[in-house]
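What follows is a short report on a single structure.
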Amino acid sequence: MSDSDKKDGETAAGTPGVDFIREAVAEDLRTGRYDYVRTRCPPEPNGWMHIGHAKAFSIDYFVAMDFGGTCNLRFDDTNPEKEDMSYVEAIQRDTAWLGIDVKDRVLFASDYYEQLYELAVRLIKKGVAYVDDLSDQEIREYRGTAVPDKSNITLTPPGRNSPYRDRPIDENLDLFARMRAGEFPDGSKTLRAKIDMAHPNLVMRDPVMYRIRREKHYRTGDAWCIYPMYDFQHPLSDAIEGVTHSLCSLEYEIHRPLYDWFIREAEVFPSRQIEFARLNISHTVLSKRWLLRLVQEGLVSGWDDPRMPTIAGMRRRGYTPAAIQDFLKRIGIAKTDSLVDIQLLEHCLREDLNKKARRVMAVLHPLKLILENWPAGVTEELEAINNPEDPEAGTRLLPFSGELWIERDDFAEVPPPKYFRLFPGNSVRLRYGYIVTCTGFDKDPVTGEITAVRCVYDEKTRGGNAPDNRKVKGTIHWVSAAHAVSLEARLFDSLFAAERPMDVPSGVDWVETINKASAEFITNAYAEPSLASASSGDSYQFERLGYFCCDQDSRPGAPVFNRSVSLRDTWAKIEKKSAQ
RNA sequence: UCCCCGGUUGUGUAAUGGUAGCACAGCAGACUCUGGAUCUGCUUGUGGGGGUUCGAAUCCUCCCUGGGGAACCA
């Protein structure tokens, strides 16, 4: 065995184990608890999908795929006040884009209203559900719970039974039918499960199953004036669909006994709920409520603002499904409440785009460079490699002339330590062009601004080669001024400077903590001519700057690019260090 | 207060009674026509105390600590 073989063996030993969910599923198959696997993605259509949902749905989907099973996309649409068809469409589009192919298994809890009603009737007939006349306030009080106030903590004594708890079954049946028929006003009655008002788990203290709510539902219209609650609807919808493993986030852990109770009492297919930790990412927020507010108050341009952690926003920003799936694979699945560093997400994007994105040259902060010894009126064409990581991508020709745009940062009147770009007397290579030496610069006498850099080029270095083997430390990018395409570059930063935006100091509205400098639009950037034909969604690497994705706001002759992520910037680190 | 669930390098995640590993981040170096990419090396960890055991991140116990729950939302 060679050394390298040994090394492979060691690496294999460090291979991550299978996660606890797949372990449990495998166990269920082994013991015969189930003989197939079916999961479900359970969105509520009340907002757009974000990366946290992507994590959950990917777990649902890939767990099913790994065991040769199926995965449903089921909309849990039982709250007509908040739900809307536009959300259904957005969620379906984003799910498919992520590579979650549920085929025709797109389902709606609202399609089960009749079945759920029948199951409720079954529970009433068994004597384990009853119609209650208590108000919401009274239900809370009878439950024996205090007002949830972190600063004023009180005991939770056993609850008291509702005076309507022991209504005869026939009366309950009659009342429930009349609730459906619309004989009672909103909020005047509920259907409750008869479990245990002294249960230590508060969700088991006779949870509400149905409420009266006269609200037009986006799918069922006015057909119903009673709507099922999540705790009742979810397990039974799972059962109706034959879902074996109902995977959800940790917040539902405490609901599992209730999930099991409904399944047992309704005598339906025994789906199993398993919980995992939801995703948190630094410097952003994965809360539908917060995201909705950002959109509604115009703090971002919409659900698909490139700064949003929504799938639509990330897609517009330039994230790829491959990068997102790679990220989700790397963060794993666990029950530990965690905060993933956003740099891991960015790393995954860079890694994907590095292999795929074509290289182009663009100058974001233009500074004129004049080649003093360039023959007047001459334009040359120079060959450039499209992607050094992918030889198949081939080459292209770049126009070159005596007046170029270079990056303002690539010239320094007085070079800082370890700076090896352009400064008086120094030589750099123009990428794929010539080696040039700085002879001077023009300066506005009033403002002190550098207006142009003057250089001479070495004609023997065409293409950027140094035939004399001379070492030129710096290579900078450029665009021929006469041939440049104007473009708009949109640079983005995190929406929140704080690592944990949710931890808002008391008395502060979180909206005030938004990073106001999180979007910078540069309208006077220049790029090589090939970018004129870019179309929306195309990703490029702007050499030495980062990955950019062509935005939907682009117009013919006026391309707009979003910076997806910058390149790793060693120079920035050096600068930062010497500044300290 | 009560009920439930967690705590493994800076971050995330493995190790399922038997050498605490991997990735990201960080640091140092090599290489380079992108200060990119790639490659090499390095630092840092089982929340604490007791117990069981030849052997404990893993089992028991107490403590500490973090999260969740007490909606006619999901």
Side-chain angles (χ1 to χ4, degrees), chain A residues 10-11 13-19 23 42-44 46 76-79 81-82 132 134-136 139-140 143-148 153-157 159 186-187 189-192 199-205 207-213 226-227 229-231 233-234 248-257 275 277 282 288 330-341 343-348 350-351 354-355 359 361 385 388-389 418-421 429-433 435 463-466 472-477 541-546 567-574:
Chain A
E10 280 166 16
T11 307
T15 301
V18 69
D19 59 81
E23 226 164 61
E44 186 193 9
N46 66 349
D76 275 344
D77 51 357
T78 52
N79 184 359
E81 290 173 70
K82 294 182 179 173
D132 196 359
L134 255 29
S135 69
D136 54 348
I139 287 176
R140 237 188 316 270
R143 206 167 252 153
T145 61
V147 178
I153 296 162
T154 44
L155 279 160
T156 53
D186 285 8
K189 285 180 169 37
T190 56
L191 182 70
R192 290 233 257 166
H199 199 108
N201 181 347
L202 286 317
V203 305
M204 298 295 275
R205 316 243 268 222
V208 173
M209 293 164 58
Y210 272 92
R211 60 194 188 277
I212 304 173
R213 195 85 261 258
I226 57 172
Y227 291 94
M229 302 293 292
Y230 169 87
D231 279 321
Q233 173 274 133
H234 199 88
C248 61
S249 52
L250 247 26
E251 56 196 300
Y252 295 104
E253 201 163 27
I254 201 162
H255 294 247
R256 191 182 344 127
E275 314 84 12
S282 64
K288 267 192 200 173
R330 288 182 196 233
I331 60 172
I333 309 171
K335 295 187 73 165
T336 317
D337 186 50
S338 62
L339 181 72
V340 179
D341 193 333
Q343 288 185 97
L344 179 60
L345 218 204
E346 295 178 341
H347 167 82
C348 292
R350 287 192 189 101
E351 191 162 270
N354 177 47
K355 285 181 285 210
R359 272 60 169 175
M361 290 202 279
I385 294 166
E389 304 294 322
K418 293 182 187 166
Y419 185 88
F420 44 82
R421 282 116 90 169
R429 175 186 292 107
L430 296 174
R431 179 85 155 146
Y432 301 122
I435 292 173
N465 303 306
V472 179
K473 198 104 162 90
T475 298
I476 66 173
H477 61 278
Q541 184 197 99
F542 289 5
E543 292 218 31
R544 300 211 302 135
L545 297 175
L567 252 25
R568 270 187 62 217
D569 192 347
T570 311
W571 170 245
K573 279 182 196 167
I574 295 169

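Chain naming here is simple, since letters A, B, ... match the order of the sequence lines and numbering starts at 1 in each. Only heavy atoms go into these numbers, but all of them, side chains included; no hydrogens, no water, no symmetry mates.
- Legend: residues meeting salt bridge (charged side-chain N to carboxylate O under 4.0 Å, His left out) with A:Glu389, ordered by chain and number and at least two apart, are absent.
- Residue A:Ser338 is in sugar-phosphate contact alone, with no base atom involved, counting any heavy-atom pair closer than 4.0 Å across all strands shown.
- Along RNA chain B, the nucleotide closest to A:Ala334 and the one closest to A:Leu545 are compared, and the more 5′ of them pairs with A:Ala334.
- Remark: the A:Arg359 side chain and the B:U34 base include a donor-acceptor N/O pair separated by less than 3.5 Å.
- Nucleic acid contact for A:Leu345: none, since no nucleic acid atom lies under 4.0 Å from a heavy atom of the residue.
- With sequence neighbours excluded, the residues satisfying salt bridge (charged side-chain N to carboxylate O under 4.0 Å, His left out) with A:Arg213 are A:Glu81, A:Asp186.
- Checking B:C73, B:A23, B:G69 against the side-chain heavy atoms of A:Arg330 singles out B:A23 as nearest.
- Taking the C1' atom of each, B:U58 and B:G69 are spaced 29 Å apart, rounded to whole Å.
- A:Pro200 pairs by the side-chain contact (heavy atoms from CB on, under 4.5 Å) definition with nothing, not counting sequence neighbours.
- A:Glu389 contributes a side-chain N or O that forms a donor-acceptor pair with the base of B:G36 under 3.5 Å.
- At a threshold of 4.0 angstrom between heavy atoms, the contacts of A:Ile574 include nucleobase atoms, whether or not backbone atoms are also involved.
- Among the heavy atoms of the strands, none lies under 4.0 Å from A:Ser282.
- Every side-chain hydrogen bond (donor to acceptor under 3.5 Å, both in side chains) that A:His255 has, sequence neighbours left out, goes to A:Asp231.
- Inter-residue side-chain proximity for A:Glu543 and A:Leu567 is flagged as unmet; no heavy-atom pair is nearer than 4.5 Å.
- The shortest side-chain heavy-atom distance between A:Asp76 and A:His234 falls under the 4.5 Å cut-off.
- Closest to the side chain of A:Asn201, from the set B:A71, B:C3, B:U34, is B:C3.
- In this structure, A:Glu81 reaches neither bases nor backbone, as no heavy-atom distance under 4.0 Å exists between it and the strands shown.
- With sequence neighbours left out, the side-chain contact (heavy atoms from CB on, under 4.5 Å) criterion links A:Ser282 to A:Leu339, A:Asp341, A:Ile342, A:Glu499.
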message: Counting Watson-Crick and G-U wobble pairs with both distances under 3.5 Å, what is the dot-bracket string for RNA chain B, 5' to 3', using [ ] for crossing pairs and | for pairs to another strand?
response: .((((((..((((....[..)))).(((((.......)))))....(((((..]....))))))))))).....
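- Across the P atoms, B:A30 and B:G66 are found 46 Å apart, a figure rounded to whole Å.
- Counting any heavy atom pair closer than 4.0 Å across all strands shown, A:Glu275 reaches no nucleic acid atom.
- If you take atom P in B:C22 and the same atom in B:C31, they sit 26 Å apart, rounded to whole Å.
- Nearest nucleotide to the A:His255 side chain, out of B:U34, B:A74, B:C72: B:A74.
- Rounded to a whole angstrom, the distance from the P atom of B:C5 to that of B:U44 is 36 Å.
- Base engagement by A:Pro388 is indicated by at least one non-hydrogen atom pair under 4.0 Å involving a base atom.
- A gap of 9 Å separates the C1' atoms of B:G17 and B:U53, to the nearest Å.
- When heavy atoms are screened at a 4.0 angstrom cut-off, A:Ile331 is found touching the sugar-phosphate backbone but no base atom.
- Taking every side-chain heavy atom of A:Thr336 into account, B:G7 is the closest of B:C24, B:G7, B:G35.
- Using a 4.5 Å heavy-atom threshold, the side chains of A:Arg192 and A:Met209 count as separate.
- Across all strands, A:His234 comes closer than 4.0 Å to no nucleic acid atom at all (heavy-atom distances).
- Backbone-only engagement by A:Leu344 is indicated by non-hydrogen atom pairs under 4.0 Å involving sugar-phosphate atoms exclusively.
- Within 4.0 Å of A:Phe542, counting heavy atoms only, lies no atom of the nucleic acid at all.
- Partners of A:Arg429 according to the side-chain contact (heavy atoms from CB on, under 4.5 Å) rule, which considers only residues two or more places apart in sequence or in another chain, are A:Ile435, A:Val472, A:Thr475.
- Picking from B:G68, B:U34, B:C72 the nucleotide with the shortest atom distance to the side chain of A:Glu251 gives B:G68.
- Rounded to the nearest Å, the gap between the C1' atom of B:G49 and that of B:C54 is 23 Å.
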Each nucleotide N or O in nucleotides 25-28 of chain B that has a protein N or O under 3.5 Å away: list the pair and distance.
| unit_1 | atom_1 | unit_2 | atom_2 | d |
| --- | --- | --- | --- | --- |
| B:G26 | OP1 | A:Lys573 | NZ | 3.0 |
| B:G26 | OP2 | A:Lys573 | NZ | 3.4 |
| B:A28 | OP1 | A:Lys577 | NZ | 2.9 |

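- Judged by distance alone with a 3.5 Å cut-off, a donor-acceptor contact links the side chain of A:Arg421 to the base of B:G35.
- Between the P atoms of B:U19 and B:C4, the separation comes to 34 Å (whole Å).
- Closest to the side chain of A:Met229, out of B:C3, B:U34, B:C73, is B:C73.
- Within the nucleic acid shown, A:Tyr227 has no heavy atom closer than 4.0 Å to any nucleic acid atom.
- Counting non-hydrogen atoms under 4.0 angstrom, A:Tyr210 reaches nothing in the nucleic acid.
- At the heavy-atom level, A:Asn465 lies under 4.0 Å from base atoms of the strands shown.
- Between A:Glu23 and A:Asn79, the residue anchored nearer the 5' end of RNA chain B, judged by the nucleotide with its closest heavy atom, is A:Glu23.
- When the C1' atom is compared between B:A14 and B:G50, the two are found 28 Å apart, to the nearest whole Å.
- Partners of A:Asn79 under the side-chain hydrogen bond (donor to acceptor under 3.5 Å, both in side chains) rule, at least two apart in sequence or in another chain, do not exist in this structure.
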